[in-house]
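Being a predicted model, the structure only gives us computed values, none of them experimental. Within every chain, numbering begins at 1; the chains are lettered A, B, ... in the order of the sequence lines, protein sequences first and strands thereafter.
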There are 2 protein chains.
Amino acid sequence: MSRVRVLLADDEHLIRGALAALLGLEDDLEVVAEAASGPEALAMARAHRPDVAVLDLEMPGADGVMVATQIRAELPSCRTMIVTSHGRPGHLKRALTAGVRGFVPKTVSALRLAEIIRSVHAGNRYVDPELAADAISAGDSPLTVREAEVLGFAADGAPVAEIAERAALSQGTVRNYLSSAAAKLGAENRHTAVRLARERGWV
Amino acid sequence: MSRVRVLLADDEHLIRGALAALLGLEDDLEVVAEAASGPEALAMARAHRPDVAVLDLEMPGADGVMVATQIRAELPSCRTMIVTSHGRPGHLKRALTAGVRGFVPKTVSALRLAEIIRSVHAGNRYVDPELAADAISAGDSPLTVREAEVLGFAADGAPVAEIAERAALSQGTVRNYLSSAAAKLGAENRHTAVRLARERGWV
DNA sequence: TTCCTCCCCTGACATTTGTCATGTGCGGTG
DNA sequence: CACCGCACATGACAAATGTCAGGGGAGGAA
């Protein structure tokens, strides 16, 4: 019986290497490629055509979900999974929409991860119960398209004038969107609103 | 010859477990305790009196530097090291001031980490060259004590009135500190100032 | 000592930001 | 069709924020 061919992508060498070693100990798993960045992960996937791609959410170049989307487009037979340190509800939704079949926090053990890889390879889906609960309780973004867009522009602390220019809106309108977004998020001002929206993965 | 007794603290089980396994393969290293939070790390240190404590910088409860400080106070013979995902210059300085003897990003390999653990145990210090360079180029914080304090209170987006109350200052004074801090950091407003100060580890 | 510099602190003034009332147009419902 | 609700958009006004000029005190240099 052939082993499950796994691609491992994580920018932290310490984790990637250790993980590769541990997963390699499993009889039925085989780590065929490793990558330290989004683009590299994609290139490795093309070159090695793995059965399952295990992708870190935070990577330089392109994040895990972007890579997963691309992989699905180019290698439909390859299942994708996301592992992440600090799971934001919005990311989970984004990942599932992108066709990711496993979403796991880094707080699980390597043994458990191996089981999940097998399960995903067998065609099942797996979402960490804790993260799923968070996502459900956080619910969908209450923000409208424009609100989210403007909040995004405000994310790095830019003044309203600059946001207005970038969004091609009047300053009054921008202030309005920021205000309503803050109200929906229960924030006192736009800066805490940005923080909250980030935490929930809505920007 | 007795082996180096290592304490491993990291809230990500995936990493901690994998790392424990890999370090355990080294003949001269022995992982005698693991912890998933700051307080737990401290308790484990007290109970097992390791030779070297390898601490993650970001942990729930108390961060790696706090734990290191405490360990040094209670177990002077125990060397401490910090590993971190995203090294901020200020943290490095804070760590060194706290008597930490190794500061390593998670981008190194497990093998390299093992070498560094040995080196630290032998009495040497080790600081990742990249992080050291960052720290040097970032330099010392130009902020005065009050400026840093007020900027810290402003970090979560609180309005000036609240900051003034928490810092027991007039609102005018608070605005003044925020303003001068922003100027020193080259920021347009206090929110970008907060971001920059965070990046450099000055808050 | 005297001077100088820098940190700490403040209120008054100008600018930016947040709130409100209002208007337009689209998509679904009775 | 007429109506309702909602997203999108705006300017005027009120509130929060940033800037400025300046005073008091500690510490170091002349």
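Rounded to an integer number of Å, the gap from A:Leu185 CG to C:dG18 C1' is 15 Å. Between the CZ atom of A:Arg175 and the P atom of D:dA14 there is a distance of 14 Å, given to the nearest Å. When rounded to the nearest whole Å, the span between CD1 of A:Ile163 and P of C:dT17 equals 8 Å. If you take CG of A:Leu178 and C1' of D:dA9, they are 14 Å apart, rounded to a whole angstrom. In this structure, A:Glu188 atom CD and C:dT19 atom C1' are separated by 14 Å, rounded to whole Å.
Two residues, B:Lys184 and A:His191, neighbour DNA chain C, and the one matched to the more 5' nucleotide by heavy-atom proximity is B:Lys184. Of the residues near DNA chain C, B:Pro142 and A:Ser179, the one whose nearest nucleotide (by heavy atom distance) lies more toward the 5' end is B:Pro142.
Taken to the nearest 0.5 Å, the NZ atom of A:Lys184 stands 11.0 Å off from the CG atom of A:Leu151.
The side-chain heavy atoms of A:Pro50 and A:Val6, taken from C-beta on, include no pair separated by under 4.5 Å. Counting heavy atoms from C-beta outward, A:Leu111 and A:Glu26 have side chains that approach closer than 4.5 Å. No side-chain heavy atom of B:Asp51 sits less than 4.5 Å from a side-chain heavy atom of B:Arg79. Side-chain atoms of A:Trp202 and A:Leu185, non-hydrogen and from C-beta on, do get closer than 4.5 Å to each other. With contacts defined as side-chain heavy-atom distances shorter than 4.5 Å, the pair A:Met81/A:Leu113 qualifies.
Applying the 4.0 Å criterion to OP1 and OP2 of C:dT17, one finds that A:Arg190 has a side-chain N or O inside that range.
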Step by step, work out the salt bridge (Lys or Arg N to Asp or Glu O under 4.0 Å) result for A:Glu12 and A:Arg16. CA-CA 6 Å; A:Glu12 297 175 353; A:Arg16 197 176 70 245; over 6 Å; no

Test salt bridge (Lys or Arg N to Asp or Glu O under 4.0 Å) on A:Asp10 and A:Lys106; report intermediate values, then the result. CA-CA 12 Å; A:Asp10 194 315; A:Lys106 285 185 180 169; 3.2 Å; yes

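Between its opening and closing five pairs, the helix from C:dT1-D:dA30 to C:dG30-D:dC1 changes axis direction by 10°, a value rounded to 10 degrees.
Among the candidates B:Leu23, B:Asp56, B:Leu55, B:Ile15, the single residue satisfying the side chain to side chain contact (heavy atoms under 4.5 Å, CB included) test with B:Leu8 is B:Leu23.
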Pairs: protein N or O with nucleotides 8-10 of chain C N or O, under 3.5 Å:
residue: C:dC8; atom: OP2; partner: B:Thr144; partner atom: OG1; Å: 2.7
residue: C:dC9; atom: OP2; partner: B:Arg146; partner atom: NE; Å: 2.9
residue: C:dC9; atom: OP2; partner: B:Tyr177; partner atom: OH; Å: 3.1
residue: C:dC9; atom: N4; partner: B:Asn176; partner atom: OD1; Å: 3.3
residue: C:dT10; atom: OP2; partner: B:Ser170; partner atom: N; Å: 2.9
residue: C:dT10; atom: OP2; partner: B:Thr173; partner atom: OG1; Å: 2.6
residue: C:dT10; atom: O5'; partner: B:Thr173; partner atom: OG1; Å: 3.4
residue: C:dT10; atom: O4; partner: B:Asn176; partner atom: OD1; Å: 2.8

